[in-house]
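First the structure, in the form of structure tokens, and then the observations on it.
Not measured: the values here are computed from a predicted model. For the numbers below, each heavy atom of this structure counts, side chains included, while hydrogens, waters and symmetry mates do not.
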Amino acid sequence: MENFTAVVHRLHSGDPIRAWIFVQCSGERDKTPSRSEILTKLVRRRFLNPPSMNESPSAKSSNQFAAEKNERSRLAESAELRRVLDAATHVGIIRLNTDGHVLDFNTGAEMLLGYTADEIIGRPMEAFHLGSEVAAFRHELFEKFHQEFPGFSAFVVSARQGGCDDREWTFVCKDATHLFVKLAVTAIRDCRGVTDGFLAVATDITERVRTEQRLRNIIEATPSGMVMASPRGRITLVNRAAEAMFGYSRLELIGEPIDRLLPAAIDSEQAFDRFPQSRPDDPTVVAELIVAGIRRDGTQFPVEVTLSPIDTADGSDVIIAVIDASERNSAMDSLKESEERFRELAETVHEVFWLIDAKSGRILYVSPAYDSIWGESGETLYENPLEWSKAIHPDDQDRVKRLFAASLRTGEFDTDFCLVRADGANRWIHSRAFPVRAEDGTVIRLVGVSEDITLRKKMEQALLTSNEELEAFCYSVSHDLRAPLRHVVGFSQAVIEDYGDKLDDEGKEMLDMIREATHKMGALIDDLLALSRVSRREMQIEEINLTQMFADIVDELKGNYSNRHLNFSVADRMVTLGDRRMLRLALFNLLDNAVKYSALKNPAVIEFGSSSSTTGPVFFVRDNGTGFDEKYCNKLFVPFQRLHRDEEFAGTGIGLAIVKRVVNRHGGRVWAEGVKGQGAIFSFTIGRELRLNTTDHKDSLPRKAKV
């Protein structure tokens with residue numbers, strides 16, 4: 001560093017005996033040139049004139065002596081300069097002849113390119129360059145000057161005219177890697193001004209280029225319009241979103257003034273030099289403006305622009321983020337219209353609409369229907385969010401509060417509860433909520449609706465009472481019918497035994513018909529009693545192995561149908577929760593139904609299995625029997641509704657109704673699929689809400705005291 005400073009000092013002093021001249025690069029920002037700036041503008045030049053041919057012999061001898069002295073001085077200075085240039089390892093300095101072949105190669109150039117001086121001296125300058133880049137540069141020169149520049153001449157167009165060819169290039173290093181450099185090429189002239197070579201100074205700008213490329217990639221991928229402008233207000237970069245927004249291609253905009261797109265944002269080219277800091281708390285943001293943009297077709301549209309400075313090699317450029325405010329304005333108008341429609345709906349319907357912040361539990365909105373249903377003003381909820389829960393009946397209060405607290409985390413809230421209003425009236429409410437989630441899935445809002453279902457509960461209570469009375473009547477009738485029916489069977493049997501020899505064949509046949517009818521009526525009464533018991537008895541929930549239950553039922557059926565060829569199959573380890581007696585009754589009826597309607601098949605194939613669904617397991621009984629026409633499917637589970645005559649298949653029409661009643665009691669559903677002549681599949685599910693060792697106390701039904 002000391003040698004370099006000394007040489008620079010000598011070259012800028014008035015020393016008349018020097019062999020090299022450095023032309024200082026003046027900097028706009030700093031009066032003291034940096035090492036790179038001086039070397040970039042370095043011009044090698046012969047200073048001493050050769051002896052004139054017209055000089056006298058005596059003078060020649062004197063001049064020859066002076067020349068030898070100056071030559072020794074020049075060589076000493078050359079050696080000193082060589083040491084300085086080799087010490088400048090941060091830049092590559094390459095001396096070239098007029099044809100562009102390397103004559104000298106400093107240590108910095110060796111470090112940049114990976115070659116030694118011996119490996120590269122004598123090779124052409126183009127050996128370092130990327131071929132495609134050179135071809136594109138030649139085409140650019142041809143477009144500009146309308147002439148070819150063969151060989152090395154393309155690199156020194158400005159240098160030959162006394163200027164400096166300063167351009168960014170991609171160098172190919174010895175290991176085939178690419179290096180981005182800024183290359184300054186100047187001419188070296190002798191004392192007569194004749195160019196006898198060139199000096200090239202290469203500065204590694206790889207990191208800057210890669211940083212700028214990353215920035216360009218980010219800008220290109222940004223969905224907002226992005227434009228970069230130079231300190232003079234000229235467009236240097238345009239991303240894809242800006243092209244679509246303004247209707248220009250980027251080639252049409254590069255180099256154009258920013259006024260072409262945003263005339264109001266930047267008043268003149270000097271605007272970039274005098275931007276005030278309008279955001280002292282954030283020095284990266286220069287200005288945020290709402291201005292008019294101009295599209296390619298001349299139409300104007302509102303845009304929101306944010307201008308931010310960014311330091312580059314050429315100074316402080318400005319990045320301008322552009323958002324089409326017309327779309328936002330339209331969205332805001334749509335949102336406002338949507339809010340107005342929501343409020344109009346929420347304030348006219350009879351249900352209560354409400355919105356809650358899940359994090360704080362704060363009420364954000366409650367519709368006016370709250371006043372009429374709760375009997376008090378909804379304004380109180382904004383101050384005390386839990387005010388609504390104070391009116392809940394004591395029997396429901398703990399349960400509802402627990403469910404509501406959990407809903408702020410899960411977003412799930414769906415329940416019935418009873419209100420006791422201030423005027424003493426009872427109201428039944430069904431309240432449900434839907435979650436609004438953040439991107440990470442957490443619940444941030446609850447949107448809910450609460451409706452008054454008091455009338456529905458009263459109708460349910462009336463229907464429940466009616467059903468209970470009907471079931472009691474059915475049970476009573478069925479039970480009371482058994483005694484006279486037994487009498488009919490008994491007396492008919494007595495007639496056969498006591499008077500059988502006095503009856504002709506027709507009389508005996510009539511008595512047989514009476515006995516058969518009473519047996520059928522007895523079976524019907526038994527089924528009615530079974531159906532009634534399914535509705536009346538309490539459920540004892542336990543874990544049930546349906547596979548084992550199937551095996552027990554099959555043993556019974558094989559005894560009942562000993563004359564049939566039956567082929568049963570069952571899936572392994574089918575387990576569920578339920579009432580054992582009820583589920584056995586349902587499964588027995590399904591399997592007996594399958595055996596009955598497979599009477600025309602030999603063998604009858606009956607399968608009991610399960611499949612998975614989003615709501616849990618689906619159990620099914622499949623047979624290869626007579627099947628049915630699916631247009632009559634709605635009749636299958638209705639009591640006394642049969643699709644076949646007794647002459648074809650015997651039955652009472654109660655079995656499938658029992659199956660449906662059992663499945664309903666277990667919170668599931670049952671359905672059938674069939675093809676006439678090709679068999680049928682009966683499927684059912686069990687509700688997930690069943691719990692071990694509990695009874696079916698019908699929580700969903702209203703309490704009589706509250707209606």
Side-chain angles (χ1 to χ4, degrees), residues 338-358 360-436 443 445-469 664 667 687 689 696-707:
S338 177
E339 288 178 348
E340 290 176 352
R341 287 200 301 268
F342 168 77
R343 288 186 176 274
E344 181 179 352
L345 174 66
E347 293 177 6
T348 55
V349 298
H350 299 293
E351 292 80 10
V352 181
F353 285 96
W354 45 271
L355 179 64
I356 294 179
D357 180 80
S360 64
R362 185 167 56 91
I363 300 290
L364 303 177
Y365 175 77
V366 61
S367 67
Y370 178 89
D371 298 12
S372 60
I373 293 178
W374 259 258
E376 57 187 32
S377 174
E379 294 296 324
T380 59
L381 299 180
Y382 296 110
E383 297 179 2
N384 183 3
L386 293 178
E387 185 70 23
W388 64 276
S389 64
K390 294 180 179 179
I392 298 176
H393 192 280
D395 291 349
D396 294 332
Q397 194 156 125
D398 290 342
R399 175 180 60 86
V400 175
K401 285 184 176 180
R402 185 174 64 255
L403 291 174
F404 180 73
S407 72
L408 297 178
R409 299 188 306 274
T410 65
E412 299 178 1
F413 186 70
D414 192 343
T415 190
D416 294 351
F417 54 89
C418 183
L419 291 180
V420 181
R421 293 173 24 135
D423 58 8
N426 288 348
R427 298 269 187 166
W428 271 93
I429 307 298
H430 175 68
S431 189
R432 61 191 182 278
F434 310 94
V436 178
V443 179
R445 298 281 191 277
L446 278 182
V447 180
V449 58
S450 299
E451 59 177 319
D452 186 341
I453 59 170
T454 303
L455 179 60
R456 191 184 78 190
K457 286 292 184 179
K458 288 181 178 180
M459 294 177 65
E460 287 178 357
Q461 182 62 61
L463 181 60
L464 176 62
T465 302
S466 176
N467 285 339
E468 289 176 346
E469 293 173 352
N664 287 346
E689 67 277 7
D696 178 27
H697 43 69
K698 304 177 183 177
D699 283 338
S700 63
L701 297 178
R703 288 177 287 276
K704 294 182 179 179
K706 296 182 184 178
V707 176

Checklist outcome for this item: Minimal heavy-atom distance between Ser372 and Ala369, with the atoms involved, is OG-O, 3.0 Å
Item to check | Leu446 side chain reached by Ser407 side chain, heavy atoms, under 4.5 Å | outcome: yes
Next on the checklist: Any heavy-atom pair between the side chains of Glu451 and Ile429 that's under 4.5 Å?
Outcome noted: no
Checklist outcome for this item: Sorted by chain and number, sequence neighbours left out, side-chain contact (heavy atoms from CB on, under 4.5 Å) with Arg456 holds for Asp416, Ile453, Glu460
Checklist entry - Listed by chain and number, what are the ring pair (Phe, Tyr, Trp, His ring centres under 6.0 Å) partners of Phe417, not counting sequence neighbours? => result none
Checklist outcome for this item: Rounded to the nearest 0.5 angstrom, the CG-CD distance for Leu381 and Glu387 is 7.0 Å
Checklist entry - Considering only heavy atoms from C-beta outward, does the side chain of Leu364 approach that of Arg445 to under 4.5 Å? => result yes
Item to check | Side-chain (Ser450) to main-chain (Ser431) donor-acceptor, under 3.5 angstrom | outcome: no
Next on the checklist: Strictly below 4.0 Å, N to O, side chains only: are Glu376 and Arg421 in salt-bridge contact?
Outcome noted: no
Next on the checklist: If you compare all heavy atoms of Val443 against all heavy atoms of Ala358, which two are closest, and at what distance to 0.1 Å?
Outcome noted: O-CB, 3.5 Å
Checklist entry - Please walk me through it: do Ile363 and Leu355 pass side chain to side chain contact (heavy atoms under 4.5 Å, CB included)? => result CA-CA 6 Å; Ile363 300 290; Leu355 179 64; over 6 Å; no
Next on the checklist: Any donor-acceptor pair under 3.5 Å linking the side-chain atoms of Arg399 with those of Thr415?
Outcome noted: yes
Checklist entry - Would you call Asp357 and Arg362 a salt bridge, using N to O less than 4.0 angstrom? => result no
Checklist entry - Which pair of non-hydrogen atoms, one from Cys418 and one from Asn426, has the smallest distance, and what is that distance? => result SG-CB, 4.1 Å
Next on the checklist: Pairing donors with acceptors under 3.5 angstrom, does anything connect the side chains of Asp452 and His430?
Outcome noted: no
Checklist entry - Quick one: which of Tyr370, Trp354, Phe404 gives a ring pair (Phe, Tyr, Trp, His ring centres under 6.0 Å) with Trp388? => result Phe404
Next on the checklist: Does any part of the side chain of Val352, heavy atoms only, come nearer than 4.5 Å to the side chain of Val366, both counted from C-beta?
Outcome noted: yes
Checklist entry - Are the side chain of Glu351 and the backbone N or O of Val449 linked by a donor-acceptor pair below 3.5 Å? => result no
Item to check | Straight-line distance of Glu412 CD to Phe434 CZ, nearest 0.5 Å | outcome: 11.5 Å
Checklist entry - Roughly how far, to the nearest 0.5 Å, is CG of Asn384 from CD of Glu379? => result 13.5 Å
Checklist entry - In Å, rounded to the nearest 0.5 Å, how long is the span from CH2 of Trp428 to CG of Asp396? => result 5.0 Å
Item to check | Residue list, side-chain contact (heavy atoms from CB on, under 4.5 Å) with Ala391, at least two apart or on another chain | outcome: Trp374, Leu419
